[in-house]
Amino acid sequence: MTIRTRFAPSPTGFLHVGGARTALFCWLHARANRGAFILRIEDTDLERSTPESVQAILDGMDWLGLDCDEGPFYQTQRFERYAEVADRLLNEDKAYLCYCSRERLEKLRKRQMDAGIKPRYDGKCRHLESTPEDIKPVVRFSNPKIGMVSFNDLVRGRISISNTELDDLVIARPDGSPTYNFTVVIDDMDMQITHVIRGDDHINNTPRQINIYQALGAEAPVFAHVPMILGSDGARLSKRHGAVGVMQYRNDGYLPQAVLNYLVRLGWSHGDQEVFSRDEMVSLFSIEDVNRKAAAFETDKLDWLNQHYMKVLPTAEVADHLAWQFADQGINPEAGPALENVVSVQAERVKTLRDMAVQSRVFFEDYVEFDPASAKKHLRLVAEHPLESVLAKLEALEDWSVEPLHQVIDDVATELDLGMGKVAQPLRVALTGSGVSPSIDKTLWLMGKRRSLDGIGRALKFIQARRSENVQG
RNA sequence: GCUCCCUUCGUCUAGCGGUCCAGGACGCUGCCCUCUCAAGGCAGAAACACGAGUUCGAUUCUCGUAGGGAGCGCCA
């Protein structure tokens with residue numbers, strides 16, 4: 001039998017990292033077993049579901065490269081099917097109509113809580129003599145009263161629960177709309193899902209779903225409950241932890257490869273290996289190797305992976321992602337060096353593509369003014385001669401590439417009997433306006449001849465102005 | 001309250017009874033390299049929640065305790 005997995009988000013917001021990791025595990029399990037990955041949108045909550053959220057989820061999946069083989073299917077388009085199955089259960093006496101008011105249910109719940117027992121429906125309407133005329137009933141599933149439900153979870157092992165802990169859950173509301181535990185079962189059954197991989201917040205739902213499968217005469221799929229992702233404070237990941245939407249990571253300058261790699265290592269491992277290409281993930285992944293413990297999301301390691309991928313991925317590929325950041329930062333990529341060159345120089349200096357864009361702006365736009373501290377420290381009178389010397393040599397230089405540029409600086413330092421720092425630092429400030437930039441030869445290279453010469457000219461003027469001040473003072 | 005689940009360095013994890021005075025990675029600290037910042041190299045600090053069993057032997061198996069999480073909806 002071919003393996004079929006599904007990812008079934010409800011469209012009430014963007015795709016967050018927890019959902020993304022669940023989706024990744026589902027996708028991997030399908031791909032690793034040459035099976036099918038199905039996407040199903042659980043949009044039965046008409047109040048909270050929005051088309052924007054559907055799109056946001058699709059965008060997130062797309063960005064991560066989690067392609068599905070079937071779907072997306074929408075539950076709202078399957079209402080007839082749910083109603084049909086509910087009727088069947090009703091006819092077979094495996095479900096019944098319940099006329100209990102919410103008020104009665106409230107009281108019941110409270111009484112049970114007070115008595116120290118688990119609140120559950122008492123089955124009042126299970127064998128009703130007469131049916132009230134004026135109340136629209138809900139449909140309840142007749143859960144078995146005795147026995148145990150037991151299943152072998154692929155990540156947790158055997159999980160058992162007594163039927164006495166379960167109650168007759170509502171499967172259809174008065175208006176006929178189905179509820180969650182009912183729709184998942186029918187969908188997974190109809191879509192022939194073999195492996196249900198989902199968050200461990202669903203563990204408690206599983207036994208009652210298994211009972212529904214049995215009532216339907218269907219075989220339950222294999223379950224695998226993966227742990228939740230916690231925020232860095234140890235609490236369950238939520239909106240207040242900031243960038244939990246997957247697309248936010250794109251905006252913040254992370255590569256999808258890095259996010260994927262980070263996510264897969266959160267709860268799953270393969271020996272001591274830390275870096276996995278997509279192909280490696282597929283060939284090495286096994287759902288049974290997933291950890292049981294909830295994991296905390298730490299950005300430090302994501303940063304490291306992101307930089308790693310910026311360094312090792314083909315520069316052209318990284319450059320494509322960098323282009324997005326340039327657009328986002330309002331920097332014209334045409335006004336400077338090729339983005340591939342920027343990547344090759346900057347990758348080892350920044351953690352994110354956004355930082356790369358921000359710190360590369362100076363190669364595309366003239367800086368506005370010198371950083372005061374750097375200028376004060378390095379654009380001194382003693383720097384005038386070295387800068388003039390560099391300027392003269394650069395003007396004459398025809399091959400504007402790293403090697404010869406390095407040679408120029410070297411020559412000036414030797415000729416003037418100065419350390420590299422005495423030449424490079426003033427030059428750096430002249431070129432970029434600040435005291436921090438890539439190595440001086442590469443800075444010149446990215447800067448280009450025109451912008452470099454202009455910068456040195458500005459620095460020289462600055463120094464001259466400073467001298468006249470000194471003379472006056 | 002009840003039921004279910006979880007528990008190795010700060011964090012992610014390896015470990016599937018002896019190979020563990022517990023290994024890797026991120027982060028952190030120090031040193032080296034060095035034109036700034038990085039990157040890189042080397043070194044270092046840092047963990048089996050606790051208590052009983054089982055066993056010749058427990059990080060590894062069982063049971064308790066403590067702590068954490070989830071569920072108990074006409075939400076998904």
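Chain letters run A, B, ... following the sequence lines, proteins first, then strands; residues in each count from 1. The figures that follow rest on heavy atoms only: side chains count, while hydrogens, waters and symmetry mates do not.
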- Of the nucleotides B/C2, B/A76, B/U7, which has the atom closest to the A/Lys293 side chain? B/U7
In whole Å, I'd like the distance from the [atom1] atom of [X] to the [atom2] atom of [N].
X        : N     : atom1 : atom2 : result
A/Ile440 : B/U34 : CD1   : P     : 17 Å
A/Gln273 : B/C26 : CD    : C1'   : 16 Å
A/Asp300 : B/C28 : CG    : C1'   : 10 Å
A/Phe276 : B/C12 : CZ    : P     : 17 Å
A/Leu302 : B/A25 : CG    : C1'   : 14 Å
A/Asp303 : B/A38 : CG    : C1'   : 14 Å
A/Arg158 : B/C4  : CZ    : P     : 15 Å
A/Lys377 : B/C37 : NZ    : P     : 9 Å

- Query: Looking for any heavy atom pair under 4.0 Å, which part of the strands does A/Val170 touch: base, sugar-phosphate only, or nothing?
  - Reply: sugar-phosphate
- Query: Using a cut-off of 4.0 Å on non-hydrogen atoms, how would the nucleic acid contact of A/Ile161 be classed: base, sugar-phosphate, or nothing?
  - Reply: sugar-phosphate
- Message: Please confirm whether the shortest side-chain N or O distance from A/Lys301 to OP1 or OP2 of B/U13 is below 4.0 Å.
- Response: no
- Item | Contact under 4.0 Å: A/Lys351 side-chain N or O vs B/A39 OP1/OP2 | yes
- Could you give me the CA-CA distance, side-chain angles and deciding distance for A/Glu369 and A/Arg458, then say whether salt bridge (charged side-chain N to carboxylate O under 4.0 Å, His left out) is met? CA-CA 10 Å; A/Glu369 58 182 11; A/Arg458 283 177 74 174; over 6 Å; no
When the [atom1] atoms of [M] and [N] are compared, how many Å lie between them, rounded to an integer?
N     : M     : atom1 : result
B/A45 : B/A25 : P     : 15 Å
B/U19 : B/G15 : C1'   : 11 Å
B/C2  : B/U65 : P     : 12 Å

- Query: Would you say the side-chain atoms of A/Asp371 pair up with the backbone N or O of A/Gly433, donor to acceptor, closer than 3.5 Å?
  - Reply: no
- Item | Heavy-atom donor-acceptor pair, A/Glu280 side chain to A/Ser277 backbone, under 3.5 Å | yes
- Query: Is the A/Tyr262 to A/Phe297 ring centre distance short of 6.0 Å?
  - Reply: yes
Does [X] pair with [Y] as a salt bridge, N-O distance under 4.0 Å?
X        : Y        : value
A/Asp190 : A/Arg78  : yes
A/Asp114 : A/Lys110 : yes
A/Arg40  : A/Asp188 : yes
A/Arg109 : A/Glu106 : yes
A/Arg292 : A/Asp153 : no
A/Asp200 : A/Arg156 : yes

- So is A/Arg208 actually on top of A/Phe182's ring, under 6.0 Å and inside 45° of the axis? no
- Query: When you measure from the centre of the six-membered ring of A/Phe73, is the NZ or CZ of A/Arg6 under 6.0 Å away and within 45° of the axis?
  - Reply: no
- Message: Counting only heavy atoms not in A/Lys442 (residues, nucleotides, ligands), do more than 12 fall under 6.0 Å from its NZ?
- Response: no
- Message: On the side chain of A/Glu298, is there an atom forming a donor-acceptor pair with the base of B/G27 - under 3.5 Å, no angle test?
- Response: no
Using Watson-Crick or G-U wobble geometry with both distances under 3.5 Å, which nucleotide pairs with [N]?
N     : answer
B/G18 : B/C56
B/C42 : B/G30
B/A70 : B/U3
B/C63 : B/G51

- Take A/Arg81 and A/Glu84, measure what salt bridge (charged side-chain N to carboxylate O under 4.0 Å, His left out) needs, and give me the verdict at the end. CA-CA 5 Å; A/Arg81 170 63 177 153; A/Glu84 173 194 328; 3.0 Å; yes
- Item | For A/Lys376, all residues meeting salt bridge (charged side-chain N to carboxylate O under 4.0 Å, His left out), sequence neighbours excluded | none
Please list each protein N or O that sits under 3.5 Å from an N or O in nucleotides 66-72 of chain B, with the distance.
{"unit_1": "B/A70", "atom_1": "O2'", "unit_2": "A/Asp201", "atom_2": "O", "d": "3.4"}
{"unit_1": "B/A70", "atom_1": "N3", "unit_2": "A/Asn204", "atom_2": "ND2", "d": "3.4"}
{"unit_1": "B/G71", "atom_1": "O4'", "unit_2": "A/Asn204", "atom_2": "ND2", "d": "3.2"}
{"unit_1": "B/C72", "atom_1": "O2'", "unit_2": "A/Pro119", "atom_2": "O", "d": "2.6"}

- Any chance you could lay out the side-chain hydrogen bond (donor to acceptor under 3.5 Å, both in side chains) test for A/Thr44 and A/Thr183, step after step, and finish with the verdict? CA-CA 9 Å; A/Thr44 54; A/Thr183 57; 5.1 Å; no
- Task: Would you mind telling me which residue lines up with the more 5' stretch of RNA chain B, A/Ala294 or A/Cys100, judged by nearest nucleotide?
- Result: A/Ala294
- Task: Could you pick out which residue, A/Ser160 or A/Ala8, lies toward the 5' side of RNA chain B when each is mapped onto its nearest nucleotide?
- Result: A/Ser160
- Message: Which residues in residues 417-439 of chain A have a heavy atom closer than 4.0 Å to any atom of RNA chain B?
- Response: A/Met420, A/Gly421, A/Ala424, A/Gln425, A/Arg428, A/Gly435, A/Val436, A/Ser437, A/Pro438, A/Ser439
- Could you check which residues of residues 41-49 of chain A get a heavy atom under 4.0 Å from RNA chain B? Sort them by number, please. A/Glu42, A/Thr44, A/Asp45, A/Arg48
- Task: Dump the intermediate steps for ring pair (Phe, Tyr, Trp, His ring centres under 6.0 Å) on A/Tyr180 and A/His202, then the final yes or no.
- Result: CA-CA 11 Å; A/Tyr180 168 73; A/His202 287 285; 5.6 Å; yes
Just the table, please: protein N/O against nucleotides 14-16 of chain B N/O, every pair under 3.5 Å.
{"unit_1": "B/A14", "atom_1": "OP1", "unit_2": "A/Ser269", "atom_2": "OG", "d": "2.8"}

Name the pairs: protein N/O against N/O of nucleotides 40-44 of chain B, kept only if under 3.5 Å.
{"unit_1": "B/G40", "atom_1": "OP1", "unit_2": "A/Lys311", "atom_2": "NZ", "d": "3.2"}

- Message: Checking A/Phe25 against A/Trp268 for the ring pair (Phe, Tyr, Trp, His ring centres under 6.0 Å) test, could you report, in this order, the C-alpha distance in whole Å, the side-chain angles of both residues, the deciding distance, and whether it holds?
- Response: CA-CA 9 Å; A/Phe25 285 171; A/Trp268 175 78; 7.8 Å; no
